[in-house]
Amino acid sequence: MRVYAQKYQDCEDPSTAAEALLLESWLLARSRRLHAQWLTHTVPGEVCEPFIRHADAWARFAGQCYLAVRRLRRGNTPPEGLHEALLSLLYEDVEQAQRLSETSAPSTAA
């Protein structure tokens, strides 16, 4: 995950990196939102809530990426912390998947 996030930070053209990150973050936010909506129909509500909040966090991040692109197009610097926020969301993706697998794992008790 660090390598994935680092490619944006190491890109020679910040505008190109920001535009690519904007597109990918929007797609990831959309994917997370669709997954959370699907979960509302398949698992109990208390299981869904963290996924809905996480999807909202991805949407906020996509918004930050949009603002970064706009700032770069005007010749300004992008906001600080985008790469750290991306890493945090990616690690949270893994934690969400682990929690869901533990929640939906079949019981081994006989």
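Side chains included, hydrogens not; waters and symmetry mates left out as well; all remaining heavy atoms used.
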Problem - Pairwise salt bridge (charged side-chain N to carboxylate O under 4.0 Å, His left out) hits with a residue in residues 26-38, at least two apart - result: Arg32-Asp93, Arg33-Asp56
Exercise for the section: Grab the two heavy atoms, one from Ala17 and one from Cys11, that are nearest each other, plus how far apart they are. Expected result: CB-CB, 3.6 Å
Practice task
Identify whether Met1 and Leu89 are in the same connected component of the hydrophobic contact network (ILVMFWY, side-chain heavy atoms under 4.5 Å).
Solution key: yes
Practice task
Answer yes if Leu27 and Leu22 sit in the same cluster of Ile, Leu, Val, Met, Phe, Trp and Tyr residues linked by side chain heavy atoms under 4.5 Å apart, and no otherwise.
Solution key: no
Handout entry: Qualifying ring-ring contact (aromatic ring centres under 6.0 Å, His included) pairs, either residue in residues 2-24, two or more places apart
Key = Tyr4-Tyr8
Exercise for the section: Look up atom CZ in Arg99 and atom CZ in Phe51, then write down how far apart they are to the nearest 0.5 Å. Expected result: 6.5 Å
Atom pairs and distances, side-chain donor-acceptor, residues 77-87, under 3.5 Å, sequence neighbours left out:
unit_1	atom_1	unit_2	atom_2	d
His83	NE2	Gln9	N	3.2

Exercise for the section: State the CZ-CD distance between Phe61 and Glu24, to the nearest 0.5 angstrom. Expected result: 10.0 Å
Exercise for the section: Would you kindly confirm whether Leu90 and Leu21 end up in one hydrophobic cluster when ILVMFWY residues are joined by side chain heavy atoms under 4.5 Å apart? Expected result: yes
Problem - Connected via hydrophobic side-chain network under 4.5 Å: Leu23 and Leu67 - result: no
Handout entry: Audit row: Glu102, Gln98, side chain to side chain donor-acceptor pair (under 3.5 Å) steps and yes/no
Key = CA-CA 6 Å; Glu102 292 166 2; Gln98 289 172 340; over 6 Å; no
Exercise for the section: Only counting residues at least two apart or in another chain, list the ones meeting ring-ring contact (aromatic ring centres under 6.0 Å, His included) with Tyr66. Expected result: none
Practice task
Please name the pair of heavy atoms, one in Ala59 and one in Ala29, separated by the smallest distance, quoted to 0.1 Å.
Solution key: N-CB, 3.8 Å
List the atom pairs, donor and acceptor, that lie under 3.5 Å between side-chain atoms in residues 37-49 and the rest of the protein, sequence neighbours left out.
unit_1	atom_1	unit_2	atom_2	d
Thr40	OG1	Gln37	O	2.5
Thr42	OG1	Trp38	O	3.4
Thr42	OG1	Leu39	O	3.3

Handout entry: salt bridge (charged side-chain N to carboxylate O under 4.0 Å, His left out) partners of residues 65-75, not counting sequence neighbours, each pair once
Key = Glu19-Arg73
